[in-house]
2 protein chains.
Amino acid sequence: MSREDILDAAAKIIGENGYHATSMRDIAEAVQLQKGSLYHHVSSKQDILFELLEQALNLLITHLEKVADQNLAPEQKIRQAMRAYLEILTTNIELSSVLLLEHRSLKPEYQTAHITRRDDFESIWREIIQEGIDAGQFKTTDPAQVTRTLLGTLNWTITWFNPNGPLSPAEIADQSANVFLNGLLTCNE
Amino acid sequence: MSREDILDAAAKIIGENGYHATSMRDIAEAVQLQKGSLYHHVSSKQDILFELLEQALNLLITHLEKVADQNLAPEQKIRQAMRAYLEILTTNIELSSVLLLEHRSLKPEYQTAHITRRDDFESIWREIIQEGIDAGQFKTTDPAQVTRTLLGTLNWTITWFNPNGPLSPAEIADQSANVFLNGLLTCNE
DNA sequence: ATTCACCTACCAAACGGTCGGTAGGGAGAT
DNA sequence: ATCTCCCTACCGACCGTTTGGTAGGTGAAT
């Protein structure tokens, strides 16, 4: 039994039921250990949560940076980024749920470290949008607000996404991208 | 002390900290009662949660229906609906947070009743979108998916909205509406 | 006399976390 | 070869506290 096994199990249970609805016993049972034995691998319940948030952010940041560093036209870059983001969100849906829904259960001592990393993540998106503005292709004056609008749609996906549903993550991303880039209205110029 | 006072206080605390992080003692203290006295007004903690979810949905549904029943062009109707929705979400931010983030803490016995009402709510949005499609003004083939995309952005607002921030709820709604209707790309026809 | 709103005291269960103990395995010395 | 020593991984009992919920009683209003 490794620390990673425990964190994986914890991600699944906490992602499904929430941090406060999950007990150390629940986690221990999932890895077939006694509750006390968990503390040989982790130092506290908060420690588990913090680690999961880090893992989730690192996963997203590394994959997003790969897209951001590519030499692509703004429209294509944002399409790729949305695809990559949704792909990771949905294939790691429990871990992602922890990141997006449970970060408020972090105690103040852990919060500051997490928030810094979270800003790193959001600034990747902001920069992608900014590139589009600088290139004269995106018509907005508030990239931060557009980022929030965009991330809202993508993040909310985890609350309704069904892996057995009719749409694949890539298809969902593409449909969202179409709306965001071209709008809902028919262009009658 | 009325049942309503207790529910209001509960909405505030649960909305801020989450259902499982809130104890009946916390709620009792907020209304300056002893914990045991709460049970004169409510039958259980789950009862409180269920009631709050009902309240939130009723609030949103009545206000949204008012907009939906108006005789407006699809574009204007969706702009109005987004405004009204965000206005209520932000002025009742704790109650809204309970609805959007804590419904998964409802035990199965309560869930079915809630889900039915929730579908009522979402169908109002779907119909507004459908009107736009029928009028030939919205270019999409999947109104349900567009609804989810739209609601994602609006719902996610409560996770970052700051009443002292630079943007009012109406401004946020308008900016989002602009993106959704016209897209981010400059129309070079 | 009854009802209402509330209090105090209590319960069993569950919580996160600690602790002493131990089985097993590998390394070093004899 | 065997004995010693330590380390890792785990058990299971236990700690103090908190949890949601119950029961019996009290005092004021009707």
Side-chain angles (χ1 to χ4, degrees), chain A residues 1-55 94 98 101-111 113-114, chain B residues 1-55 94 98 101-111 113-114:
Chain A
M1 194 58 49
S2 75
R3 180 180 166 96
E4 210 48 50
D5 293 329
I6 293 172
L7 290 173
D8 286 351
K12 193 173 176 204
I13 309 181
I14 297 179
E16 269 174 17
N17 304 115
Y19 178 76
H20 288 291
T22 303
S23 73
M24 291 297 272
R25 253 194 190 82
D26 294 335
I27 298 170
E29 269 175 29
V31 291
Q32 285 174 295
L33 282 184
Q34 290 301 110
K35 185 192 55 162
S37 311
L38 287 183
Y39 290 86
H40 180 71
H41 303 276
V42 295
S43 62
S44 69
K45 197 186 173 188
Q46 279 286 306
D47 183 38
I48 292 179
L49 177 57
F50 182 74
E51 189 84 359
L52 291 180
L53 296 177
E54 285 281 287
Q55 274 191 14
E94 297 101 353
V98 177
L101 303 175
E102 304 301 328
H103 70 270
R104 67 169 166 174
S105 296
L106 253 198
K107 292 194 179 148
E109 310 93 85
Y110 292 79
Q111 289 240 11
H114 173 62
Chain B
M1 192 60 48
S2 75
R3 181 180 165 95
E4 210 47 50
D5 292 329
I6 293 172
L7 290 173
D8 286 351
K12 192 173 177 207
I13 311 181
I14 297 179
E16 270 174 16
N17 304 114
Y19 177 75
H20 288 291
T22 302
S23 72
M24 292 298 273
R25 256 195 186 82
D26 294 334
I27 298 170
E29 270 176 28
V31 291
Q32 284 175 296
L33 282 183
Q34 291 302 111
K35 185 193 55 161
S37 312
L38 288 182
Y39 289 87
H40 181 67
H41 303 275
V42 294
S43 62
S44 69
K45 196 185 174 188
Q46 279 286 306
D47 182 39
I48 292 180
L49 177 58
F50 182 74
E51 189 83 358
L52 291 180
L53 296 177
E54 285 281 287
Q55 275 192 14
E94 297 101 352
V98 177
L101 303 175
E102 303 300 329
H103 70 270
R104 66 169 166 175
S105 296
L106 254 198
K107 291 193 181 152
E109 309 94 82
Y110 292 80
Q111 288 242 12
H114 172 64

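Sequence lines set the chain letters: A, B, ... in the order given, protein chains first and strands last, and positions in each chain run from 1. Hydrogens, waters and symmetry mates play no part in the numbers below; they use all other heavy atoms, side chains included.
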Nearest-Å distance for atom pair CG/P, residues A:Leu38 and C:dG16: 10 Å
Nearest-angstrom distance from the residue atom OH of A:Tyr39 to P of C:dC19: 13 Å
5′-ward residue of the pair A:Gly36/A:Ala21 relative to DNA chain C: A:Ala21
Atom pair distance, as rounded to whole Å: CD in A:Glu29 and C1' in C:dA14: 13 Å
Distance in angstrom units between A:Ile6 CD1 and C:dG16 P, rounded: 15 Å
Backbone of A:Ala11 reached by a side-chain donor or acceptor of A:Glu94 within 3.5 Å: no
Lys/Arg N to Asp/Glu carboxylate O, A:Glu102 vs B:Arg104, below 4.0 Å: yes
Distance in Å, A:Lys12 NZ paired with A:Asn17 CG, rounded so as to fall on 0.5 Å steps: 10.5 Å
side-chain N/O A:His41 vs D:dC10 OP1/OP2, d < 4.0 Å: yes
Short side-chain donor-acceptor distance under 3.5 Å, A:Glu51 and A:Tyr110: no
Base C:dG16 paired with A:Lys35 side chain (donor-acceptor, <3.5 Å): yes
5' priority, DNA chain D, between A:Gln34 and A:Arg25 [closest heavy atom]: A:Gln34
Approximate separation, where rounding is to 0.5 Å, of B:Met24 CE and B:Thr22 OG1: 11.0 Å
Sugar-phosphate, base or nothing in reach of B:Thr22, heavy atoms under 4.0 Å: sugar-phosphate
B:Leu33 CG - D:dG21 C1' separation (whole Å): 16 Å
Value in whole Å for how far the P atom of D:dT8 lies from CE of A:Met1: 18 Å
Sugar-phosphate only, base, or nothing, as touched by A:Ser23 at under 4.0 Å among non-hydrogen atoms: sugar-phosphate
Protein-nucleotide distance (A:Met24, atom CE; C:dT18, atom C1'), rounded to Å: 12 Å
Below 4.0 Å: OP1/OP2 of C:dA5 and any side-chain N or O of B:Ser37: no
C:dA5 OP1/OP2 closer than 4.0 Å to side-chain N/O of B:His40: yes
Distance, rounded to the nearest Å, where A:Arg3 contributes CZ and D:dC10 contributes C1': 17 Å
